[in-house]
There are 2 protein chains.
Amino acid sequence: MKVLIVEDDPLHRSYLHEAVNAALPECDTVIEAENGTAGEKLARDHKSAHIVMDLQMANRNGIEAARTIWKERPETRILFWSNYSDEAYVRGVSRIVPDGAAYGYVLKSASDERLKLALRSIFIESQCVIDREVRGLQQKSLGQTNGFTDSEYEILVDIALGLTDRAIAKRRSLSLRSVQNRLQQLYDKLDVYQTAGDDHEDGRFNLRARAVTIAFLRKLLNYSALERAEAELQEWLDEK
Amino acid sequence: MKVLIVEDDPLHRSYLHEAVNAALPECDTVIEAENGTAGEKLARDHKSAHIVMDLQMANRNGIEAARTIWKERPETRILFWSNYSDEAYVRGVSRIVPDGAAYGYVLKSASDERLKLALRSIFIESQCVIDREVRGLQQKSLGQTNGFTDSEYEILVDIALGLTDRAIAKRRSLSLRSVQNRLQQLYDKLDVYQTAGDDHEDGRFNLRARAVTIAFLRKLLNYSALERAEAELQEWLDEK
DNA sequence: CGCCGTCTTGCGTAAACCCGCAGCTTGTTG
DNA sequence: CAACAAGCTGCGGGTTTACGCAAGACGGCG
């Protein structure tokens, strides 16, 4: 049994290496990659390998890497190991996991025990293991309680990218008015108004920009989500 | 001689601990804090301590902590140790360093040697040590070559927060038109137009929102800068 | 002092944005 | 099937943005 570790930080890499050795005596080979690109290549070379993957990496982030790896071999088991439980990451991951694939998501702040347990559960028992904190977000982002619909999230990303209403309409095949409807819906959910008016006319906010800011501060969006969205946008621009 | 380590991640914390022991045999006490708040308190208790500080921490980030520490004891020597060299961080740091204070900025990707050397230079020799990469940014952000003026940066932050032109005018004591002038200036520098028009009328951008996105992608802004700015904004809103 | 560049401000306009109102299409439920 | 909720769409209008044009204000510099 082989395990591939994809992780930026040398300290964390060697820590993972040890953890894998300790938790999985049946594992005979551990390979390391220090960024997403190298990770993809090694995953291709060692087809049977299970993967432990960091999410935020400079060169090519974990979500990108996981996506291409899963595209080639959907049955690959991947354990995501991340510092953050931002909704943006969680959403990003659940967007790309293939049907029925075994995967995991544990936070770097988890104890040694938790990590080792997760390693065994996923790689040996083929179970999904998702940290409680992360799980909470996942529920919210799927269930409609309080969380965001896909269409709301979509339009959030679109204005975050800086598209005009018209451009969004074209991209999503909607009428201009519908786009604006969704925007209002988004403004509602994000509570842009409360912070906005207070009741003085003075400190008014630009709703569109404010919505993005709030989303950022609430970690509905983050750098890597923006980066991905920007790439998709460019793609779309090119083909249109 | 005492050294205080303020760092989120337990792995990095113990690594730093070792590095300090190895580089500074004259250091008899090493104290650790795992977030900004705890760091501030320990800094108060151990007045003579030199500090190694992580920048991005969950609870209270390094810049905040450093600011209050320096406010109480401006001669404190602080070595910032960070994963990133985003302009947003660099700018944030140079904004708060007291006149003539000895400080340092080294990246986590630096070699052991570099770190140890920096430790000795700052804590023993009272020299400023700033990683080459970081230094580059610093030049740019101070000199006007290609970089951003303070007033440009200021307005960037303001629209990122989601303020309207009018609100910005009020906050910065400018006329509405001046605010808009600065905005245009900003749009120029950020090259919002190039990506915008291409030459089709189709894929138009909302300049204001797009500018923020570009700034984010170029790391002129980041989460912690936004967070700080938001706090300042709230403060201003309250008193006005 | 007069010339010049940079910054500020006002006026005016076209476009984009925010949104209430109202008619339509769906899918759901009793 | 009737009734109802939810989403899409057009219309209309009030507000905000983006920006050209031009008139001052301020600070060097020959």
Side-chain angles (χ1 to χ4, degrees), chain A residues 143-156 158-197 200-215, chain B residues 143-145 147-197 200-215:
Chain A
Q144 59 286 52
T145 359
N146 176 24
F148 289 76
T149 328
D150 279 339
S151 67
E152 284 157 0
Y153 186 74
E154 202 176 61
I155 207 165
L156 170 61
D158 282 342
I159 59 170
L161 285 173
L163 294 171
T164 58
D165 292 2
R166 199 192 314 283
I168 299 175
K170 198 155 292 177
R171 184 174 187 199
R172 306 298 182 188
S173 307
L174 288 172
S175 76
L176 212 156
R177 189 60 180 90
S178 292
V179 171
Q180 295 172 332
N181 263 340
R182 292 190 179 185
L183 279 176
Q184 281 183 254
Q185 204 175 326
L186 181 70
Y187 298 154
D188 266 347
K189 286 224 182 163
L190 284 176
D191 243 13
V192 187
Y193 303 102
Q194 188 172 4
T195 62
H200 280 70
E201 289 287 315
D202 267 3
R204 256 274 197 14
F205 283 111
N206 175 320
L207 299 179
R208 172 177 289 248
R210 186 63 182 167
V212 176
T213 314
I214 292 183
Chain B
Q144 58 285 55
T145 357
F148 289 76
T149 329
D150 279 340
S151 67
E152 284 158 358
Y153 186 75
E154 202 175 62
I155 208 164
L156 170 61
V157 170
D158 283 341
I159 59 170
L161 285 174
L163 295 171
T164 58
D165 292 3
R166 198 191 316 282
I168 299 175
K170 198 154 291 177
R171 186 175 186 196
R172 306 298 183 188
S173 306
L174 287 172
S175 76
L176 212 156
R177 189 60 180 89
S178 291
V179 171
Q180 296 171 331
N181 261 342
R182 293 192 177 184
L183 278 176
Q184 282 183 254
Q185 204 175 327
L186 181 71
Y187 298 156
D188 266 346
K189 286 223 183 165
L190 284 177
D191 243 13
V192 188
Y193 303 102
Q194 187 172 6
T195 62
H200 280 69
E201 288 288 315
D202 268 3
R204 255 277 196 10
F205 282 111
N206 175 319
L207 298 179
R208 174 178 287 248
R210 186 64 182 165
V212 176
T213 313
I214 292 183

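A, B, ... follow the sequence lines: proteins, then strands. Residue 1 opens every chain.
Separating the CG atom of A:Leu183 from the C1' atom of C:dG20 is a distance of 16 Å, rounded to the nearest angstrom. Here C:dT13 presents its P atom at 16 Å from CD of B:Gln180, a figure rounded to the nearest Å. At whole-Å resolution of the value, CZ in B:Arg204 and C1' in C:dC17 are 15 Å apart. Rounded to whole Å, the distance from CG on B:Asp188 to P on C:dC7 is 13 Å. For the pair B:Gln185 CD and C:dT6 P, the computed distance is 11 Å after rounding to whole Å. Rounded to an integer number of Å, the gap from B:Tyr187 OH to C:dA15 P is 18 Å. Between B:Leu176 atom CG and C:dG12 atom P the separation is 15 Å, expressed in whole Å. The CZ atom of B:Arg172 sits 14 Å away from the P atom of C:dT9 (whole-angstrom rounding).
Distance alone, capped at 3.5 Å, is enough to place a donor-acceptor pair between the A:Thr213 side chain and the B:Ala160 backbone. The main-chain N or O of B:Leu163 is never found under 3.5 Å from a side-chain atom of A:Arg204 such that the two would form a donor-acceptor pair. At distances below 3.5 Å, at least one donor-acceptor pair connects side-chain atoms of B:Thr164 with backbone N or O atoms of B:Ala167.
Just one residue in the list B:Glu152, B:Glu154, B:Arg172, B:Arg177 forms a side-chain contact (heavy atoms from CB on, under 4.5 Å) with B:Arg182, and that residue is B:Glu154. Here the options are B:Asp158, B:Leu176, B:Leu161, B:Val157, the test is side-chain contact (heavy atoms from CB on, under 4.5 Å), and the partner is B:Ile168; only B:Asp158 passes.
Residue B:Arg182 is the one, among B:Arg182 and A:Gln184, whose nearest nucleotide of DNA chain C lies closer to the 5' end (criterion: closest heavy atom). Toward the 5' end of DNA chain C, the nearer of the two residues B:Arg177 and A:Ala209, judged by each one's closest nucleotide, is B:Arg177.
Across every non-hydrogen atom of B:Ala211 and B:Ile159, the tightest pair is CB-CD1, 4.3 Å. Heavy-atom minimum distance, B:Phe205 versus A:Gly162: CD2-O, 3.0 Å.
Side-chain N/O atoms of B:Ser178 include none lying less than 4.0 angstrom from OP1 or OP2 on C:dT8. For C:dC17, one of the phosphate oxygens OP1 or OP2 lies less than 4.0 angstrom from a side-chain nitrogen or oxygen of B:Asn206. Note on A:Thr164: every side-chain N or O is 4.0 Å or more away from OP1 and OP2 of C:dA16.
Looking at the side chain of A:Arg166, the nearest of the listed nucleotides C:dA16, C:dC19, C:dT8 is C:dA16.
For DNA chain D, the outermost nucleotides in 5' to 3' order that have an atom under 4.0 Å from a heavy atom of chain B are D:dT16 to D:dC21.
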